[in-house]
Protein chains: 2
Amino acid sequence: MGTTQLETVPEPKYWHLKTVLAEALDSEFAVGQILPNERELAARYGVARATLRQALEQLEFEGRLQRRRGVGTTVAPPRVGVDVAPVEDSWPGAPGDAWQTDGCEEVSPPARVARLLDASTTEPVSAVRRTRRAHGQTVATELLYVPCAATPGISGSGAARGHAALRALHHLELEGQERSVELGSARADDARQLDRLPGAPVLVVTTRYLSGGATMAVAVSTYRADTCRLTFGDTGAVELLAS
Amino acid sequence: MGTTQLETVPEPKYWHLKTVLAEALDSEFAVGQILPNERELAARYGVARATLRQALEQLEFEGRLQRRRGVGTTVAPPRVGVDVAPVEDSWPGAPGDAWQTDGCEEVSPPARVARLLDASTTEPVSAVRRTRRAHGQTVATELLYVPCAATPGISGSGAARGHAALRALHHLELEGQERSVELGSARADDARQLDRLPGAPVLVVTTRYLSGGATMAVAVSTYRADTCRLTFGDTGAVELLAS
DNA sequence: GAGTGGTCTAGACCACTCC
DNA sequence: GAGTGGTCTAGACCACTCG
């Protein structure tokens with residue numbers, strides 16, 4: 001007995017559904033518009049709610065949708081371009097950088113940071129909490145680690161200590177930065193500040209600031225992956241083009 | 001009647017489970033080791049399999065686990081650092097770059113690429129397919145778009161055409177690059193090449209190559225987000241430090 | 001063919017937002 | 001209090017890998 005279908009391609013339902021929804025978003029919905037609720041969408045497409053949610057999750061990861069509990073699912077605007085290194089070759093907290101200092105306390109650095117600082121986890125560091133806002137929303141949180149040994153005379157806590165730690169860095173000559181980007185999921189405290197649920201996808205940018213052949217500071221910045229596109233302004237001609 | 005618990009913090013089960021598992025990974029498992037299967041883990045922790053899977057998914061996004069159908073769940077090695085711009089300020093395909101040219105065909109550029117090229121979607125471009133390998137696995141796929149108008153005399157298809165298109169670029173003076181990174185989910189074809197399932201999280205790097213005040217090429221590179229940490233080698237002193 | 005992770009269902013209840 | 005998305009369950013079947 002022969003079968004009519006050759007080379008069956010069992011595409012998962014949620015994957016197909018995602019494609020269908022993506023097309024609907026392009027043609028039938030405007031940015032900011034609210035979609036029908038999940039129970040109705042599931043019924044309309046004849047799938048279980050869990051399956052529909054799997055499709056919506058994909059679209060959310062791609063920055064096409066935004067879901068808010070108690071409110072609904074809306075069509076997301078295009079991702080915001082956020083320049084990761086707006087001021088070329090400068091210390092954090094230099095005039096013109098996009099961050100706001102929220103606080104600072106003395107802690108033992110997490111293992112990964114200690115490794116980047118070429119220090120042990122027992123050596124105390126100042127951990128400066130900063131946030132970055134753009135287009136009316138908090139797009140990133142940051143923990144900036146500065147060894148206490150490099151900033152003599154620093155004490156106390158709060159934003160004042162944070163500013164002092166940053167000022168201390170500015171007296172040094174910045175020789176270079178080293179940066180990496182990876183996928184992460186938001187810890188509970190970061191999630192709260194970013195107005196997301198814990199576990200939301202984030203882009204983690206780790207920056208190492210070098211001076212005198214050593215690492216003088218390490219910044220771990222956590223950007224909302226759903227709304228942000230990280231940009232890296234680069235060599236000369238770019239600004240020419242932009243102007 | 002009084003209750004013993006003050007300030008109930010209804011932490012989701014999967015979130016708590018994720019934390020517990022993460023600690024177990026640190027203390028009881030070695031890299032590459034295979035975990036008990038999902039049904040057993042779910043039973044062991046007294047949750048439904050779906051809930052356990054939600055926790056595992058989080059850990060996979062953080063690069064801690066690797067799951068393969070038909071095989072099992074293994075403890076992932078630390079993420080591989082992949083330099084996004086290994087050769088500073090050079091065209092793609094220059095000697096020493098990390099990519100392999102797989103093929104090339106003439107297409108109409110997708111809308112987003114056309115916009116970056118300051119061109120219309122009807123103007124034909126060469127789409128060069130490239131892949132990048134590191135540590136024995138394919139870590140990225142790329143589509144590099146070069147306007148046919150900028151590379152006169154190019155024709156045919158396949159790797160030969162790709163090499164020709166790249167060579168044509170090398171005759172121009174590169175004035176700058178502009179780069180962005182964002183989260184995406186793997187399309188079916190990319191997923192196959194990256195040995196992942198469709199929808200797997202990826203980091204999408206878009207690079208604009210500038211020459212003569214115009215955009216002469218656009219590369220859209222898709223990196224595995226689970227195994228890769230993108231690094232951006234930077235200003236001078238870094239190499240000094242590495243040596 | 002046995003065992004794994006991946007998909008899907010139908011239903012319940014919870015946390016949150018807004019009226 | 002009504003309506004939304006978020007969590008969780010118990011179970012079924014499928015696609016894949018490997019011996």
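The figures that follow rest on heavy atoms only: side chains count, while hydrogens, waters and symmetry mates do not. Note on naming: letters A, B, ... go to the chains in the order of the sequence lines (proteins, then strands), and numbering restarts at 1 for each one.
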Just to confirm, is there a sub-4.0 Å distance from OP1 or OP2 of D/dT7 to any side-chain nitrogen or oxygen of B/Y14? yes
Do any side-chain nitrogens or oxygens of A/R67 fall under 4.0 Å of OP1 or OP2 in D/dG6? yes
A/L52 CG to C/dG11 P, straight-line distance once rounded to whole Å: 16 Å
So, B/Q177 versus B/R179: side-chain donor-acceptor pair below 3.5 Å or not? yes
Go through residues 192-202 of chain A and report each residue with a non-hydrogen atom lying under 4.0 Å from DNA chain C, sorted by number. none
Please examine the side chains of A/V84 and A/T231, heavy atoms only from C-beta on, and report whether any two atoms are closer than 4.5 Å. no
B/Q54 atom CD is separated from D/dC8 atom C1', nearest whole Å, by 8 Å
Looking only at side-chain N and O atoms, does B/N37 come under 4.0 Å of OP1 or OP2 in C/dT4? yes
Phosphate-side-chain proximity, B/K13 and D/dG6, N/O vs OP1/OP2 below 4.0 Å: no
What is the separation between atom NZ on A/K18 and atom C1' on C/dT7, rounded to the nearest whole Å? 16 Å
Salt bridge (Lys or Arg N to Asp or Glu O under 4.0 Å) partners of residues 54-64 of chain B, not counting sequence neighbours, each pair once: B/K18-B/E62, B/D26-B/R64, B/E60-B/R67, B/E60-B/R196
For nucleotides 12-19 of chain D, read 5' to 3', which letter fits each nucleotide if B means a protein heavy atom sits under 4.0 Å from the base, S means only the sugar-phosphate is that close, and - means neither? BB-BBB--
Can a side chain N or O of A/T73 be found less than 4.0 Å away from OP1 or OP2 on D/dT4? no
D/dG5 phosphate, OP1 or OP2: any side-chain N/O from A/R53 under 4.0 angstrom? no
Using a 4.5 Å cut-off on heavy atoms from C-beta on, say whether the side chain of A/R132 contacts that of A/Y223. yes
C/dT7 phosphate, OP1 or OP2: any side-chain N/O from A/T51 under 4.0 angstrom? no
